[in-house]
Amino acid sequence: MTELSELSERPPELFRDPDEPLPARIDDLLGRLTVAEKLALLHQYQAAVPRLGIGSFRTGTEALHGLAWLGPATVFPQALGLASTWNTGLVERIGAAVGAEVRGFHHKDPDRAGLNVWAPVVNPLRDPRWGRNEEGYAEDPWLTGVVATAYATGLRGDHPRYLCTAPTLKHFLGYNNETERDTTSSTLGPRVLHEYELPAFRIPLAAGAAVAVMASYNLVNNRPAHLSPLINDELRAAFAGDLLVVGDAGGVSNIAGSQHYRPDDVAGFAAAVRAGVDSVTEHDSDAARTVGLLADALDRGELRMSDVDTAARRVLSVRFRLGEFDPPERNPYAAITAEVINCAAHQDLAREAARQSIVLLRNDGLLPLSRDRLRRVAVLGPLADTLHVDWYSGTLPYAVTPRAGLSDLLGAGSVTFHESVDRVALRTPAGHVVASDRGEGEPLVVVPDGAGAAAGAATWFDVFDWGEDAVVLRAVANGRHVGAEDNGTLVNDRTGPGGWIVRETFALTGTDGGRALLRNLARDRYVRVDAEGILRADALLDDATPFTVELVVDGRAAAAATAREADVAVVVVGNHPMVNGRETQDRADLALPADQAALVRAVLDANPNTVLVISSSYPYSLDAVAAGAPAILWSAHGGQEYGAALAEVLVGAVNPGGRLTQTWYRSAADLPDLLDYDIIAADATYQYFRGAPLFAFGHGLSYTTFEYSSLTLSSRSMAPDGAVTVSVEVTNTGDRAGSEVVQVYTRQFRSRVKQPLRRLRAFRRVALSPGERCVVELPLRAADLAIWDVTRGARHVEQSPHQVFVGGSATEPRLSTSVLVDGTVIPPRDPTRVTRAVDHDDYAGVTLVDAATSAGDAVAATEPGGWIAFHDTDFGSDPGSCRLALARTHAGTAAVTLRLDDPLGGPVIATATVTCVGGPYEWSAVSVPVLGALGRRDLYVVFEEPDTRLRELMFTVDSPPFTVDSPADHADGPFTVDTP
């Protein structure tokens, strides 16, 4: 252990000399720190070291689409909306603005605003039901990586030496579900891993745009993501430098906690550091427990001092690059002050981002609205005069709502408005009514009712339906929302649903007597009226108070009446980002909330000239709702300038140019199970989906028209390390200026494996005046066409013709051509090489699991008769035996049958049975004779019993007698056996 007396004898502080090489400076500082001081660097809140004049440091300022949680700052559109611009230059400018505001707030309050920012989120949006859908960019991993690179580049700044902020990619890896997110395992086979999940992380890391990564809560192939060997094998291989890896909040504690993957926290924390996690995010600002656990791990020998030094080095590398140890005058970002926060330039940028993010989904000519012909516009719906923020939004400095935006543009006298929600009174069987006029923090009570509905606003509540039986009550008397306190008491002092635990949502459940029961969803308890007349959400079903829900104002009828008197109706619907579909809660389906769907139909019936505007964090299924709607606009929640941008689009002052980055499906029936991460087998995402989407990936209309012509390639053939230039001429054939997003897709015709039906390869957003034409040239590299070859465990470009098509969406090619790629022909499998079970080609009734706690994957049967297939295996002239590594979680018999051609009735060439002592990592090697395996055939390994695990197999030319060997007998041989 290094003592302070030794440290005091060191030469002058080299680490403060900005002219010295960075590695030498880090070495010098590390050498001056005690063990305790080094351990303190491994927590989110890093303590100051006063004796060296070093201040405190913290990771984790939220900056997803603006500086969050620290007070008013510019709020840009949600990340999903930023990606919908398909404008990487704009996204980079927004990232730079957010980075500057983080610096500005840090200048004002360095303890609250750290410079390591936790953004962007690069999990591909595999399933639109994911609760955190609005945090990501696209269902395409390449597009996600490109947009993330732009945003992170803005955040980090363009200085060759200093970082403005230190961007952190979230969340590694395979993280697309909130349902039991800390205990579910994402099954990622090699192709899904390398072709879908990893590219979104690799692209910004390879570009040097992001300098850190956050591990995710889930497990991957049954191993906690915080312990994934891919952290070092893939992330750090893609990044040139000391990549910082941070744990998600509480994620390291889960290793020994909810995941039961290590026996205690000492072992769990040590395993995380050894796996490559450098900064632990636990127990908020209290670092003592983390430091103590890591010190215990050193004492127990589960952690080496070299592990601590390695992690500390990565932490310090980021701090040095942020300029912490340099004179302020050397760092251009140190001069940024709080004046930049929500400055005029950032407000303009927020409006531009909102403009470009709006997507025109449908238009039969109703849009753009003619200002000269508009006498009255009805602005309707629960989102028509409000802006909602999500969990990672900043605090709105101001809000331009759709109603305000149209009123500013058209004049307040031209705009009528109705919120279009039901207004009700709640009455008890005892003849009382719930009062809505309670003071700040006062409990809700019932009062005597003698006046019926005439009691007025003091007893009225507005009911907002946010879908999946979740409603919110807002008191008419004070405009505040009803929520449940920790003890269950109901109060109406909330600005709206929000917080980590949303206590403002209720379900109204009908009873046989025509009354309704009110259940608080957060507490899962019914509301009762106690002896003092106070409403409390603490009752079980039998003790709940039934309420008569008296309709005071029919929201749909009022909206329809308002629409009927207008020239045009604009109905604004969507989600509340804090209710359903948010962190900790996935969506159950894709449906628009029932009351909102009914509202849309009622307004359309009243006025066919209705524009449906959807502001939401995710796609909806709209077939039944939108039938007959002449015009539909969508955007993610658009930030502080959303209403102004929407108004400009509605009247044609701005031509919409946004495009979808997710498929809009007609029904949740088009989706696989939320926990099914195998997009290839499940025909998921736009790449493999074989159905007809409601709106396709890349879709978006314009008020003008575009014509494509003269599609050419610089060459009709391509070497495996070569590239071609795709050239196409685009002409604005309409009478308005507009932007087109030129999209290039490819499809491979011949392959050893199942290929995507289409895959985005390049794009460019171009702005054209009426009649203007331009030639768009985009690169297409052969290396980007590579697949992951499971037979050889590497990326390979196959020899095949590829269709190249361009157009305005993934399913509407305008022009196409082809290019011949002179790649490799993947040879048949060589069964005499060790074959990992996870490198199969097809499967049924199995899942992927960890072969050892540190590294390696295996296949486990989930049902009798589960199987895996190895296609095109060249057995030659009948190998003599097959050697397999088998295990079981519980003691018992592991049995597999090897068949050819078919998993059910194909000829049996071998049967292997071994008695296992139990334990998922207690591998037994068994050798069995093989009969009848000749030539090139498809091999199937059929698991006779569930819980049987297979790690690898290998055929040999000899024909030994049947043997069963212990794992230790083969620890050093080519047929590897891992130990836990």
Side-chain angles (χ1 to χ4, degrees), residues 1-20 22-61 70 102-103 105-117 162-163 165-166 212 242 244 246 269 273 278-299 303 305 307-331 333-337:
M1 297 282 183
T2 307
E3 300 296 338
L4 282 173
S5 59
E6 300 174 36
L7 299 173
S8 63
E9 299 173 1
R10 295 182 64 90
E13 295 176 339
L14 179 69
F15 75 89
R16 292 197 180 276
D17 186 346
D19 295 323
E20 290 292 328
L22 179 59
R25 297 178 70 190
I26 296 175
D27 284 342
D28 179 67
L29 179 52
L30 272 176
R32 296 175 184 276
L33 297 175
T34 67
V35 172
E37 290 165 346
K38 291 177 181 179
L39 292 177
L41 291 175
L42 275 54
H43 187 264
Q44 178 186 16
Y45 287 81
Q46 301 164 28
V49 185
R51 65 183 184 81
L52 293 177
I54 296 173
S56 61
F57 184 88
R58 57 159 292 193
T59 63
T61 296
L70 298 176
V102 172
R103 273 283 178 175
F105 207 106
H106 178 77
H107 187 274
K108 178 178 68 174
D109 192 346
D111 290 336
R112 293 182 62 209
L115 296 177
N116 168 238
V117 294
Y162 293 105
L163 300 173
T165 68
D242 288 320
L244 173 67
V246 303
F269 277 58
V273 174
D278 310 305
S279 178
V280 177
T281 310
E282 304 284 334
H283 307 102
D284 297 321
S285 60
D286 182 8
R289 185 167 184 272
T290 291
V291 172
L293 290 169
L294 295 177
D296 290 345
L298 284 171
D299 291 342
L303 200 60
M305 201 59 225
D307 299 320
V308 175
D309 284 344
T310 298
R313 170 178 293 279
R314 294 168 182 150
V315 172
L316 290 174
S317 176
V318 169
R319 294 178 64 169
F320 271 99
R321 295 184 68 191
L322 287 166
E324 178 180 349
F325 305 109
D326 289 6
E329 60 271 16
R330 298 285 290 263
N331 179 2
Y333 303 116
I336 299 175
T337 68

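In this chain, numbering begins with 1 at the start of the sequence shown.
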Would the distance check show the side chain of Q46 and the main-chain N or O of A40 forming a donor-acceptor pair, the cut-off being under 3.5 Å?
no
So, are D28 and R32 salt-bridged, with charged N and O less than 4.0 Å apart?
yes
What distance separates L163 CG from E324 CD, expressed to the nearest 0.5 Å?
12.5 Å
When you measure from the side chain of R103 to the backbone N and O of T165, does any donor-acceptor pair fall under 3.5 Å?
no
Distance check, rounded to the nearest 0.5 Å: L14 atom CG versus D27 atom CG?
9.0 Å
If only atom types and distance count, is the side chain of D242 paired as donor or acceptor with the main-chain N or O of S317 below 3.5 Å?
no
Within this structure, what is the NE2-OG1 distance for the pair H106 and T61, rounded to the nearest 0.5 Å?
9.0 Å
Looking at D284, I'd like to know if its CG atom is crowded, meaning that more than 12 non-hydrogen atoms belonging to other residues, nucleotides or ligands lie closer than 6.0 Å.
no
Could you go step by step and tell me if L39 and L298 meet the side chain to side chain contact (heavy atoms under 4.5 Å, CB included) rule?
CA-CA 10 Å; L39 292 177; L298 284 171; 4.2 Å; yes
Could you list the residues that satisfy ring pair (Phe, Tyr, Trp, His ring centres under 6.0 Å) with F15, not counting sequence neighbours?
F325
Sole residue of D307, V273, D278 in side-chain contact (heavy atoms from CB on, under 4.5 Å) with L42
V273
Test side chain to side chain contact (heavy atoms under 4.5 Å, CB included) on Q44 and V246; report intermediate values, then the result.
CA-CA 8 Å; Q44 178 186 16; V246 303; over 6 Å; no
CG of L33 to CG of L52, rounded to nearest 0.5 Å, is 6.5 Å
Go through the steps to decide whether D309 and K38 satisfy the test salt bridge (charged side-chain N to carboxylate O under 4.0 Å, His left out), and finish with yes or no.
CA-CA 7 Å; D309 284 344; K38 291 177 181 179; 3.0 Å; yes
Could you walk me through whether V308 and L294 pass side chain to side chain contact (heavy atoms under 4.5 Å, CB included), step by step?
CA-CA 9 Å; V308 175; L294 295 177; over 6 Å; no
For A166 against V318, the heavy-atom pair lying closest together:
CB-CG1, 3.6 Å
Nearest 0.5 Å, what's the CZ-CG distance between F105 and L70?
5.0 Å
Evaluate the side chain to side chain contact (heavy atoms under 4.5 Å, CB included) criterion for residues H107 and I336: first the C-alpha distance (whole Å), next the side-chain angles of each, then the deciding distance (0.1 Å), finally the verdict.
CA-CA 7 Å; H107 187 274; I336 299 175; over 6 Å; no
For the CG atom of D286 and the OH atom of Y45, what is their distance to the nearest 0.5 Å?
11.0 Å
Who passes salt bridge (charged side-chain N to carboxylate O under 4.0 Å, His left out) against E20, sequence neighbours left out?
none
Tell me the salt bridge (Lys or Arg N to Asp or Glu O under 4.0 Å) pairs involving residues 105-116, sequence neighbours left out?
D109-R112
